[in-house]
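The structure displayed is predicted, hence computed values, not measured ones. One-based numbering along the sequence shown.
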Amino acid sequence: MDSMYELSIPKNYPASKYNLMGNTDVMVQIPDIKSPVIQVVRLDVDPQKKDVYIQQKASGEYRDKKGNVHPATPNLYAIAKNGLKKLADGAGIKMVSSEHVIPTTCQKCVAVNQHSGKVVQCGSCRNKDVAFRITISVPQLTGEVLMVEDTHEIIVENVVPGMSDKQRAEFMKHLPQICEAKALNGAIRTALHIKGTYTLEEISKPFVVAYLVPNLNHEAVKRAAIESMFQSSQRLFGHVPSIHQVEGKVPDSASIEASDGEEYGEYVDGTYREAPGTEEPIQEQEDRTMDFRCDKCNEVIPKKVWEYSIEHYDRPLCYKCQKVVRGERRGGRRQ
């Protein structure tokens with residue numbers, strides 16, 4: 001029988017001095033075929049370093065109209081994508097899958113396909129919403145490996161108000177990457193039980209993450225490791241991007257937006273204004289003229305005709321087919 005020994009993270013890393021992440025605030029019995037990995041991760045509390053950002057700015061004491069006194073509040077910090085990446089690395093978190101899923105705004109087309117049997121041409125509308133589902137594997141101190149999933153969706157019309165045309169174009173250019181990173185970072189936050197905000201005192205404390213790995217000093221474990229050393233997780237999951245690859249797709253200037261939640265202030269407050277001396281304009285959206293087609297005869301139609309038809313006939317039709325439909329509505333069906 002394998003021997004066991006107890007490990008108490010809180011005893012060696014008291015909560016008064018450390019932020020204990022995940023399930024590290026427990027005492028566990030560890031068999032000798034396993035070995036604990038305990039990582040102490042320090043985040044740079046200077047927002048300019050991009051590990052953290054100020055989620056809520058400090059406010060002074062004030063008295064409201066009813067005479068109630070509200071005490072002063074300090075800056076509250078949140079962990080940005082760079083900080084989350086450090087914590088995920090320390091916790092041994094790995095990507096399992098990343099998939100693009102259908103946004104809720106596209107469910108109407110899906111329902112039409114299912115119930116009418118008629119294929120609705122995707123791309124004929126102006127919907128740019130995106131959604132991603134991320135699954136990560138999270139090793140535990142119990143020896144288990146948990147699968148944590150998070151889905152994030154960005155509804156464009158809820159985000160872009162307040163942006164200039166150039167800011168909106170820049171945001172749309174990075175939209176899929178930001179959405180994917182938000183889903184990943186949401187999964188990391190869930191897996192490690194990361195709080196939404198921290199005081200400066202709290203976020204200045206080191207973060208402790210811990211999990212178990214095979215004890216290679218154990219002869220049986222060493223033999224098994226040698227036999228399987230050429231095997232890869234790709235045999236189970238196929239090729240998926242790493243956490244660093246997903247996070248790396250997002251430019252540093254959008255690190256706050258990609259961290260999690262619904263923060264898009266960087267795109268509204270002037271970060272994406274045209275740089276002085278920049279002569280090359282931001283690329284306009286691609287020509288989508290060929291996307292506007294008649295739903296009846298599949299002929300290409302002008303965008304204004306497409307919009308008029310949607311408004312009056314609930315489907316895109318050319319002039320000729322609009323005339324046919326009008327005749328059908330009047331009872332004089334034409335062949």
Inset, instruction - Enter the distance from K50:NZ to N82:CG here, rounded to the nearest 0.5 Å. - result: 8.5 Å

Inset, instruction - Could you list the residues that satisfy side chain to side chain donor-acceptor pair (under 3.5 Å) with E149, not counting sequence neighbours? - result: none

Legend entry - Those residues that, when tested against P71, pass side chain to side chain contact (heavy atoms under 4.5 Å, CB included) (two or more places apart): none

Inset, instruction - Kindly work out whether a path of hydrophobic side-chain contacts (I/L/V/M/F/W/Y, heavy atoms less than 4.5 Å apart) joins V40 to L20. - result: yes

Legend entry - Point-to-point distance, once rounded to the nearest 0.5 Å, from CD1 of I178 to CE of M172: 10.5 Å

Inset, instruction - List for me each residue that meets side chain to side chain contact (heavy atoms under 4.5 Å, CB included) alongside K66, sequence neighbours excluded, and say none if there are none. - result: D64, N68

Inset, instruction - Would you sort out whether T104 and E153 count as a side chain to side chain contact (heavy atoms under 4.5 Å, CB included), showing the intermediate values? - result: CA-CA 8 Å; T104 55; E153 178 179 65; 3.1 Å; yes

Inset, instruction - For the pair D150 (side chain) and L184 (backbone), establish whether a donor and an acceptor sit closer than 3.5 Å, ignoring hydrogens and angles. - result: no

Legend entry - Single-linkage hydrophobic cluster L43~I54, side-chain heavy atoms < 4.5 angstrom: yes

Inset, instruction - List for me each residue that meets side chain to side chain donor-acceptor pair (under 3.5 Å) alongside S59, sequence neighbours excluded, and say none if there are none. - result: T73

Inset, instruction - Any chance you could measure Q322, atom CD, to C318, atom SG, to the nearest 0.5 Å? - result: 7.5 Å

Inset, instruction - Establish whether V148 and V209 are linked, either directly or via other cluster members, by ILVMFWY side-chain heavy-atom contacts under 4.5 Å. - result: yes

Inset, instruction - Could you list all the salt bridge (charged side-chain N to carboxylate O under 4.0 Å, His left out) pairs where at least one residue sits in residues 38-49, not counting sequence neighbours? - result: none

Inset, instruction - Enumerate the residue pairs fulfilling salt bridge (charged side-chain N to carboxylate O under 4.0 Å, His left out) with a member in residues 197-212, sequence neighbours excluded, ordered by first and then second residue. - result: K195-E202

Inset, instruction - Go through the structure and list residues passing side chain to side chain contact (heavy atoms under 4.5 Å, CB included) with V45, not counting sequence neighbours. - result: L200, I203, S204

Inset, instruction - First locate atom CD1 of I188, then atom NZ of K86, and finally report the distance between them rounded to the nearest 0.5 Å. - result: 13.5 Å

For residues 132-140, run the donor-acceptor check on the side chains, cut-off 3.5 Å, and write out each pair with its distance to 0.1 Å, sequence neighbours left out.
residue	atom	partner	partner atom	Å
R133	NH1	E99	OE2	3.1
T135	OG1	S97	OG	3.4
Q140	OE1	N23	ND2	3.1
Q140	NE2	V138	O	3.2

Legend entry - V145 with M21, same ILVMFWY side-chain cluster at under 4.5 Å: no

Inset, instruction - Evaluate whether atom CG of D165 has more than 12 neighbouring non-hydrogen atoms of other residues, nucleotides or ligands under 6.0 angstrom away. - result: no

Inset, instruction - State, with a plain yes or no, whether a side-chain heavy atom of V52 is found less than 4.5 Å away from one of Y198. - result: no

Legend entry - salt bridge (charged side-chain N to carboxylate O under 4.0 Å, His left out) contacts in which one or both residues fall within residues 53-62, not counting sequence neighbours: none

Inset, instruction - Find out whether T197 and Q56 are in side-chain contact, i.e. whether some heavy atom of one side chain is under 4.5 Å from a heavy atom of the other. - result: no

Inset, instruction - Measure across K17 and P206 and return the closest heavy-atom pair with its distance rounded to 0.1 Å. - result: O-CD, 3.5 Å

Legend entry - Minimum heavy-atom distance K173-Q177, with the two atoms named: O-OE1, 3.7 Å

Inset, instruction - Of all the heavy-atom pairs spanning I93 and A191, show the shortest one and how long it is. - result: CD1-CB, 4.4 Å

Inset, instruction - Would you please name every residue forming a side chain to side chain donor-acceptor pair (under 3.5 Å) with H193, sequence neighbours left out? - result: none

Legend entry - side chain to side chain contact (heavy atoms under 4.5 Å, CB included) partner of V208, the single match among V41, N19, I38: I38

Inset, instruction - Starting at CG of D51, measure out to NZ of K81 and round the result to the nearest 0.5 Å. - result: 10.5 Å

Inset, instruction - Rounded to the nearest 0.5 Å, what's the gap from CG on N185 to CG on L84? Could you check? - result: 4.5 Å

Legend entry - Expected output: side-chain E180 to main-chain S98 donor-acceptor under 3.5 Å: no

Inset, instruction - Decide whether I155 and L175 are clustered together by the hydrophobic rule: side chain heavy atoms of Ile, Leu, Val, Met, Phe, Trp, Tyr closer than 4.5 Å, transitively. - result: no

Legend entry - ring pair (Phe, Tyr, Trp, His ring centres under 6.0 Å) partners for Y211, two or more places apart: none

